[in-house]
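Residue numbering restarts at 1 for every chain, and letters A, B, ... go by the order of the sequence lines. We use all heavy atoms of the structure for the numbers below, so side chains are in, but hydrogens, waters and symmetry mates are not.
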Amino acid sequence: MAGVHTLKGAIGRRDPNSARGHFRTIVQALLFGSISAMLFWLVAAYGNALRDPRYLDGWVLAGGMGVQLYFHVATATGRLTPKAAARWRSLHIFFGLLLVPVFLLHSNFSLPDTNFEWALWIAFVLICLSGLFGIYISWSLKSRHMFGDDIVLDRIPEERAKLAREVQAIAARIDQAPAASALPPPPHDAWIRELYASRLIGFFSKRRNAFSHLIGSKRPLKQLTDEIDHLTGFVDKRGQEKLRAIRRLVIEKDRLDAANVALGLSRAWLLVHVPVTYSIVILAVVHILVVYSFSSGAY
Amino acid sequence: MRHSVRLRKARTEPTRAQGTPASVRNRLAAVVALATLVFIGSVFLLAGSKSFMMPGPLTSAHGSIADCKTCHTKSGDGKLSWLHGLVAGDPVADSKACLSCHKMPDTALNPHSASVDILKQSTARLTKTASNLVVPQSVRAQSIAFPVDGMIGRGLFCATCHQEHQGTNFELNKITSEQCRSCHAVKFDSFDGQHPEFESFPFRRRTRIIYDHAGHFGKHFPEVAKKEPGMRIPQTCASCHDSRDDNGVMSVVAFDKTCASCHSDQISGKERATGPKGIAFLALPGIDLASIKTKKVAIGEWPEDSEAPLTPFLKMMISRNKKGRRLIAAIEPLDLQDLSNASDDQVKAVSELAWEIKSLLYAMITGKTQEAFGDLGIGAKLNADVVGSLTASLPRDVLIAAQQKWLPNLSAEMTNGPGVALNLESNQSTVSAEPATPEEDQDASTEEAEAASIDEPVDYGPAPASTAPAGSANTSQKTAEEGRNPQACIASIFGQCLLLKSDGDTADNAQAEEREAPQNLQGAFRVGLGDVRAPPKPKAQSGGITIAQASPKGGKGPPSAVGKRNATNQNDDLLFPSDAELRALNAHRKKAGRGARDGRRNPAAAPLAPGPETSPGNRQANAAQSASIASDIDPENWAEHGGWYQQDHAIFYRPTGHKDQFIFNWLTLTGPKATLGAANPAAEVFDALTGKDAQGSCAKCHSVDAVKGRGRTINFPPLSVAMKQGRFTRFVHEPHFNVVGKRGCMTCHNLEKDRPYLKGYEQGDPLKFQTEFSPVKKETCKTCHAEGRARQDCLLCHKYHLPNVTAPVTETTLRSP
């Protein structure tokens, strides 16, 4: 139960729909717009000053990529404290977004002409799209208040096992109530154990209904809670209390599953984002060598 | 300590993360990075060409360039040799590669490809003009953020403005106004904004053609229209100006279509009221022979009656070498026709001058004009074509005729050299220092005879005095007579009489002969002829053509032989002495102690030397003189359509019309040496041809520019786009014709009649001028070229490269199979 409370508490933090969240978004948007506009002006002025603007925006792009890469290296090597990592993550996202207009400037708002340029272009676009996807996933999770940042994907199996044990304990407990009549009492506990055996063991054993969580459907959860609610009408008061406890645990388990799917996705995009980043770093170095080898002095 | 902990943490955490999603991701990243590296390396090492590295296609003009190193000079041929480009080398090597095709001067990499001086002048001018302009803040910020001073200082690369690999249809020569503004000291926002006012556009100098619009339209045209109603008078600007052939300028329509109707006769000299209508090219200057004789300086044969001055052309020819220049300098202060006060040295110089002139004439007659001209003092040897142009293909016959008239014994003189006295019996004066010895005389005669037999062209004239003095005298007398009495001819060509007058004129001839007999000659004409009797009057022949009577033996020839002679073989026997006369002459010679020598030299000459006239060759040569057609037209008028003629003691040239090559070539040749106010022969020639009353009247319309240190230039070629090279501004008239409205050309070019336009041509500096038309105002252009209307970017009116960028002609060698 403590875990449930912890989870609930975590879900309400840093709500993007809050007033502070809106303010932060507006400030970030303004900052993004201002810096982008300044970059555009700088590049134009650089070109007007008899220089090739692709050298300026190219180096801005390379510098931005270097900063982004440092975040990855720092995270991977554990150099950052959680608080610093959180700040860096925000900066990482902001710089990442700023690099989009820089890239558009560098590519002159046009598609590449040659294979080598296509390789660079595709790599950057993959990194950019995967990053944007990650931002969307993160924002989506926060905006739906499902869970907060303190849910760690790696701890979900542990939490799930804990819930399973609690359910098992509730379902297995036999409460001997005094007989109110000479008739034998109805087997309320047996009915609950049967429910546990037939539906709940499988539900709590692993992540369930992943597709439904991916598309945001609550139908599997509703089916299960409906069954519990239906049984509630046939059991005595103590049985009803047991079923209410089981119902809460089912909901929590469903939310863990949802968090598992969401956080899994939030990690999966990194399987594109990070390796392609390694690739683009190599391509960018070669690109710089080629560009300066054939520069003919114009930079 | 903290650092070590952090490091330990950094080292341990990845190990702890084994099997986690992060470790999977990191392993995947490493694999992808390695794969990328291998792939890139494979491509660079295995690719057939380097085109995969291209950032984009070349423009279509450069599309045929397949090898990177054509432009990227350091890229080399190897798989990884392109990395040489990273090594510092000649920073402009690639730009030089551009210039191997796009030909430009050495200043190609300067801003505007202009010289430093031009840039300094332009900057100073613009800075002064636009000192009050407000520089836009954005431009100021750009200048601070990205200054260009350093870039300009080291020289601009071609790629600074022309950035390749931007696609086949990319405009490589496109430069934005902002780019122009980045360098310019004068920075402004736009043309319709703070662009400086025009200073005196389009006038940077006075017009090359001197044309007084106000005078023509206000005075001359109305007068002509009144006098000759049928004559075509220009009505509109387009009558004379046209931009179709060369849309960069409003060129003037050809002379033949515009000015010729009124001004042709000025060029040919028909309208000339005073002075010769031709240009005196060669002349035997009048020399004070009496003073020469007094000083006992050898001058040889020279006409006494010449009053011709030494022509500038002759001066230039003589001063072609150091000796000649010294000679010209020595005689410059002298009046050649009055040498009474001249020093011995000066008289000697005059003598040398006379011999130099004879040498020149002799050389030109003998086909050695090119050698005689040398380099004319311009520093480069003239080739045959140039010499041909400078002499306007002066016919040999004109020279011969002149020589026969002026210096009939030139051949002998040139063979024997100065100092040899020739016994002449004509109006030609022979001034010798001392008589030649018999031996010398014999040698001279032998050499002369050899020269005459070997050098056939030289043997065109009368007999040498040594072999046939009487004949020589006779011929000389005859030519002198012809020269003085041109009316005796029925027809003549180049001043040479072809046919004499008919019977009716014989009496006149006889009278003329009598008048010209030695004892009747006056003054200098009688020099050396004092003891010679007048020859008897010759018999007139029928048909107006006088046929020579002399036989090779000196007597009268058989009638049949005479009858067989055609016109070209006729001899001037009217003047040939009879046997008795010859005997008398011989007796006279013997008295003078020379008869014996003559007899020894040439037995045939004594006592009746037949004279070389009787030989077939000389008969032919003299035919034109002996059988002339009389004409009342004097040589000057005869040559009214241009060409050469001989008159008095000069050979003249009359311009053939507009674009006369003779005048053009002499002006072109002498111009660079003819500094304004200079006193050298080149300047004299230039002045003679461009003076106010110069024949041809070239300088009446074609202005003469005096360029400091570079002589003078007469502006013959019409204004063209090529002449506008080196200007920053360009303007094409045609697109503007439909927007000028009713005022037409006057919308921009307003004629201001009171301006002293012609005053600007009274001096040589083309940059000091007054225009007839008011300059174009910026406001006029701004009516269309403004924001939201017509273009107003810099390149619309200004061009970047001052010198034209040209592509070389492909060097193709035709190989034999």
Stepwise salt bridge (Lys or Arg N to Asp or Glu O under 4.0 Å) test for A:Arg208 and A:Asp254: CA-CA 8 Å; A:Arg208 292 289 178 184; A:Asp254 184 76; over 6 Å; no
B:Trp82 and B:Cys68: side-chain contact (heavy atoms from CB on, under 4.5 Å), yes or no, with the steps? CA-CA 9 Å; B:Trp82 55 271; B:Cys68 300; over 6 Å; no
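Interface with chain A: from residues 35-49 of chain B, residues B:Thr36, B:Leu37, B:Ile40, B:Phe44 qualify, criterion being any non-hydrogen pair under 4.5 Å. The contact list for residues 94-120 of chain A toward chain B, using heavy atoms and a distance under 4.5 Å, reads A:Asn108, A:Asp113, A:Thr114, A:Phe116, A:Glu117 by residue number.
Note: B:Leu795 CG to B:Thr176 OG1 = 8.5 Å, rounded to the nearest 0.5 Å.
Closest non-hydrogen pair, B:Asp192 versus B:Ser190, comes out as OD1-OG, 2.7 Å. When every heavy atom of A:Ser293 is checked against every heavy atom of A:Leu289, the shortest pair comes out as OG-O, 2.7 Å. Between B:Leu156 and B:Pro111, the shortest heavy-atom distance links the atoms CD1-CA, 4.0 Å.
Residue A:Ile280 does not touch chain B at all, counting heavy-atom pairs closer than 4.5 Å. With a threshold of 4.5 angstrom between heavy atoms, B:Cys183 approaches chain A through side-chain atoms but not through N, CA, C or O. Residue B:Cys98 does not touch chain A at all, counting heavy-atom pairs closer than 4.5 Å. Looking at A:His72, the atoms closer than 4.5 Å to chain B (heavy atoms on both sides) all sit in the side chain, from C-beta outward.
Ranked by heavy-atom pairs shorter than 4.5 Å toward chain A, the options B:Met53, B:His72, B:Glu178 are led by B:His72.
Counted by atom type alone, B:Ser182 and B:Gln142 present zero donor-acceptor pairs between their side chains at under 3.5 Å.
Ion pairing of B:Asp94 with B:Lys74 is absent here, as no side-chain N (NZ or NE/NH1/NH2) approaches a carboxylate O to less than 4.0 Å.
Ring pair A:His273/A:His92 is perpendicular by interplanar angle, where above 60° counts as perpendicular and below 30° as parallel. Ring orientation note: the planes of B:His195 and B:His798 are close to parallel, at an angle under 30° on the 30°/60° scale.
A distance-only check finds a donor-acceptor pair linking the side chain of A:Ser90 to the backbone of A:Ala86 [under 3.5 Å].
Residues B:His165 and B:Leu58 meet the side-chain proximity criterion, which asks for heavy atoms closer than 4.5 Å.
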